[in-house]
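Read the structure below first, then the notes.
The structure presented is a predicted model; accordingly, all values stated were derived computationally and were not measured. Quick note on labels: first sequence line is chain A, next is B, and so on, each numbered from 1.
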Protein chains: 2
Amino acid sequence: MSPLQPAFRALADPTRRDILRRLSARQMTISEITLHCDMTRAAVKKHLVVLEEGNLIHMQRQGRETLSTLNAEALKPVVDWLSYFESFWDENLTNLHDLLSKEDTT
Amino acid sequence: MSPLQPAFRALADPTRRDILRRLSARQMTISEITLHCDMTRAAVKKHLVVLEEGNLIHMQRQGRETLSTLNAEALKPVVDWLSYFESFWDENLTNLHDLLSKEDTT
DNA sequence: TTGACATGATACCATATGGTGTCATTTTAA
DNA sequence: TTAAAATGACACCATATGGTATCATGTCAA
């Protein structure tokens with residue numbers, strides 16, 4: 001399996017992307033995160049596990065609470081994968097040019 | 001629903017990411033794509049539909065075949081969303097610093 | 001030491017997802 | 001005109017996914 005797969009999978013859910021944004025401000029406990037999520041704590045916990053599997057966050061027990069911390073570096077490989085396509089953004093304009101040329105001769 | 005959701009969902013599957021890479025070289029028919037995918041044409045077609053829902057490709061009937069074309073621009077919003085976190089890549093190094101300081105005083 | 005707090009861990013459920021097989025329809029080449 | 005090629009459209013299946021409810025366990029504060 002591609003090492004990117006767990007990260008891409010984690011990013012596919014809107015709740016998980018929202019959690020990432022919140023964790024970018026500061027680390028939070030599971031209960032804190034749950035306050036914003038409109039679902040049970042158990043569901044939030046599951047999302048956190050998926051995020052951790054994607055290495056996008058780190059969970060650390062601290063006394064009776066568990067702090068989740070963003071690991072933004074893990075997004076780097078994802079951005080790199082997507083960056084491959086940046087060169088095609090302009091190239092598509094070229095294709096549009098070709099298309100227009102053909103239409104001119106029709 | 002966030003306009004990004006269909007794109008993130010489409011990117012979550014390795015087969016679909018592979019198809020995007022292949023389409024970056026040239027547009028292909030469904031049968032051509034299927035040759036590389038180790039699954040039936042029907043399954044590939046489903047993936048193509050998901051990619052189209054994410055606006056990542058465009059399908060166009062051409063006689064008896066359907067040509068799939070990459071729409072790389074649709075990846076731009078995805079990259080933009082991820083770029084928000086770039087500023088935290090360095091900030092995490094700062095956090096590491098804090099952590100090390102604390103350990104020094106322990 | 002004792003109850004409330006914050007979780008971990010499960011069991012269970014409905015739906016979404018990823019695949020297959022099959023059949024109808026349109027198009028092309030002989 | 002006719003069979004093969006290339007799809008579209010379904011029906012069907014097993015699993016994964018996203019949520020809930022519940023109960024056990026460790027921890028903190030009074």
Answer yes or no: side-chain N or O of [X] and base N or O of [N] forming a donor-acceptor pair under 3.5 Å.
| X | N | answer |
| --- | --- | --- |
| A/K46 | D/dG19 | yes |
| A/R64 | C/dG8 | no |
| B/R61 | D/dG8 | no |

Could you check how far [atom1] of [X] sits from [atom2] of [N], rounded to whole Å?
| X | N | atom1 | atom2 | result |
| --- | --- | --- | --- | --- |
| B/K45 | C/dT20 | NZ | P | 15 Å |
| B/D13 | D/dT17 | CG | P | 11 Å |
| A/R41 | D/dC23 | CZ | P | 14 Å |
| B/Q62 | C/dT27 | CD | P | 12 Å |
| B/M39 | C/dG18 | CE | C1' | 8 Å |
| A/L48 | D/dT17 | CG | C1' | 16 Å |
| B/R17 | C/dG18 | CZ | P | 11 Å |

Any idea which of [options] is nearest the [X] side chain?
| X | options | value |
| --- | --- | --- |
| A/R16 | C/dA9, D/dG18, D/dA5 | D/dG18 |
| B/A43 | C/dG19, C/dT7, D/dG18 | C/dG19 |
| A/T66 | C/dG8, C/dT17, D/dA21 | C/dG8 |

When you compare the side chain of B/I57 with that of B/Q27, does any pair of heavy atoms fall below 4.5 Å?
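They are not in contact (no side-chain heavy atoms under 4.5 Å apart), so the answer is no.
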
Backbone N/O of B/A12 and side chain of A/R9: donor-acceptor pair under 3.5 Å:
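No, because the side chain of A/R9 does not come within donor-acceptor range (under 3.5 Å) of the backbone of B/A12.
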
Judged by each residue's nearest nucleotide on DNA chain D, which is more toward the 5′ side, A/H47 or B/L67?
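Final value for this comparison: B/L67.
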
Could you tell me whether B/K76 and B/D80 make a salt bridge, using a distance below 4.0 angstrom between a side-chain N and a carboxylate O?
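Salt bridge flag = no for B/D80 with B/K76.
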
Among A/L70, A/N71, A/L20, which residue meets the side-chain contact (heavy atoms from CB on, under 4.5 Å) test with A/L51?
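One option only clears the test, and that one is A/L20.
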
